[in-house]
Number of protein chains: 2
Amino acid sequence: MAELDLFRFVPFRLNRLAAEVSHALSEEYQTLYGLDIPEWRVMATLGFRDDACSAQFIAQCTRTHKSTISRAVTTLLARGLIERVENSIDRRAFELRLSRHGKTLYDELIPRLLAKEKDILSCLTAQERRDFAHALDKIERSLDLVQTRHPHKADAY
Amino acid sequence: MAELDLFRFVPFRLNRLAAEVSHALSEEYQTLYGLDIPEWRVMATLGFRDDACSAQFIAQCTRTHKSTISRAVTTLLARGLIERVENSIDRRAFELRLSRHGKTLYDELIPRLLAKEKDILSCLTAQERRDFAHALDKIERSLDLVQTRHPHKADAY
DNA sequence: CTTAATTGGTTGCAAGTGAGACTAGTTTAG
DNA sequence: CTAAACTAGTCTCACTTGCAACCAATTAAG
């Protein structure tokens, strides 16, 4: 008969680990800056790309449902952390970018999050960290999770 | 200024990967057997330990909230997949175990899930898989996620 | 041109889940 | 023995989120 040890079962471990890490990080963006995960993802996507982009694009590259992104965008607009301008070519779509205020928050938050990540991974040696990242790369690629294109606003998509 | 590439940020990657893997697996336990994740976790814990155990124990070792486990137990009882007997020593607690029916389902499901896991990890070499598991070990330990004890029903806890 | 299909984005709804109150039973302290 | 502290499990509440219907704008087909 087949045996399964839940604690050696990778899908379970990934779930548990992701939940725990999210929880640890939420201390930073949630408690300190009042952002939830979808909001943080929008901020991160806009902050990393200096270019403006659409909600659709953010949804696709963060693999988050468009309704979730839509709600996050609404909140961030209300807080003045992002700005939205109509796209002159396609009047359905909007171009999103960080506001000056949002950029300030982003620049404050990033070092904290990177420190937290570093902290979590500090139990691994440098080589182990590289290997771990490499394994994630391969698994993501094989599951087709990778965003190969970073389309610019002009991209048809 | 600090830069953060969301796609190289481990917490984000873990979240996305865990969600994707869960989704892939749910095909098996959800679609085929009508179990959701908490229900599956209860089944897996009971199936792996031949011993009976309490809801509390399942909650602790799967790191799932006790109310979530409680609901899963209720559903599984109604479906006759598990059995519950009063604990003669402590009348607050119940001993849970798989029913014959539940055991049959478990034995059918396990090979499918293991195959799916193998499939997901097949993009890694044997050595990479070992390294990956090892890295998970270390991170889990450093985050104190590891269930060091497998308490038996007599355990005070 | 006109109609149908598609796409960006929003919203209502329902299912799932964590927090925490609550009940019942147990243990510890005095 | 009694009261206080604690624990197992259930339940209600609030919140999050995925789904699907929807609206408006755009593009494709006839």
Of all the choices, dG9(D), dT7(D), dA24(D), which nucleotide is nearest to the side chain of Arg92(A) once you look at every atom? dA24(D)
Rounded to the Å, how far apart are [X] [atom1] and [N] [atom2]?
X	N	atom1	atom2	value
Gln56(B)	dT26(C)	CD	P	16 Å
Phe57(B)	dT7(D)	CZ	C1'	17 Å
Phe94(B)	dA24(C)	CZ	P	13 Å
Ile69(B)	dT7(D)	CD1	P	19 Å
Ile89(B)	dA8(D)	CD1	P	14 Å
Asn87(B)	dT27(C)	CG	C1'	15 Å
Glu86(A)	dA24(D)	CD	P	14 Å
Arg91(B)	dT23(C)	CZ	P	18 Å

Heavy-atom closest pair, residues Gly80(A) and Ser99(A):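 Closest approach of Gly80(A) to Ser99(A): O-OG, 2.6 Å.
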Do you know the tightest heavy-atom contact between Leu96(A) and Ala55(A)?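 Heavy atoms of Leu96(A) and Ala55(A) come nearest at CD1-N, 3.8 Å.
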Any protein N or O atoms within reach of nucleotides 15-19 of chain C? Criterion: under 3.5 Å, listing atom names and distances.
| from | atom 1 | to | atom 2 | distance (Å) |
| --- | --- | --- | --- | --- |
| dG18(C) | OP2 | Thr68(B) | OG1 | 2.3 |
| dG18(C) | N7 | Arg71(B) | NH2 | 3.1 |
| dG18(C) | O6 | Arg71(B) | NH2 | 3.4 |

dT10(C) phosphate, OP1 or OP2, under 4.0 Å from Arg84(A) side-chain N/O: yes
Should Ser70(B) be listed as having a side-chain N or O under 4.0 Å from OP1 or OP2 of dT10(D)?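 The answer is yes; a side-chain N or O of Ser70(B) sits under 4.0 Å from OP1 or OP2.
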Between the side chains of Glu128(A) and Lys138(B), is the shortest nitrogen-to-carboxylate-oxygen separation below 4.0 Å, so that they form an ion pair?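 A salt bridge is present here (some side-chain N lies under 4.0 Å from a carboxylate O).
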Using a strict 4.0 Å threshold on nitrogen-to-oxygen distance, state whether Asp137(A) and Arg8(B) make a salt bridge.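 Salt bridge flag = yes for Arg8(B) with Asp137(A).
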Run the numbers on Trp40(A) and Leu109(A) for side chain to side chain contact (heavy atoms under 4.5 Å, CB included), then give the verdict. CA-CA 10 Å; Trp40(A) 150 244; Leu109(A) 181 51; 4.0 Å; yes
dist Glu117(B):CD -> Leu121(B):CG (nearest 0.5 Å) comes out at 5.5 Å
If the test is side chain to side chain donor-acceptor pair (under 3.5 Å), which one of Thr64(B), Asp36(B), Thr62(B) qualifies with Arg41(B)?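 Exactly one pass, corresponding to Thr64(B).
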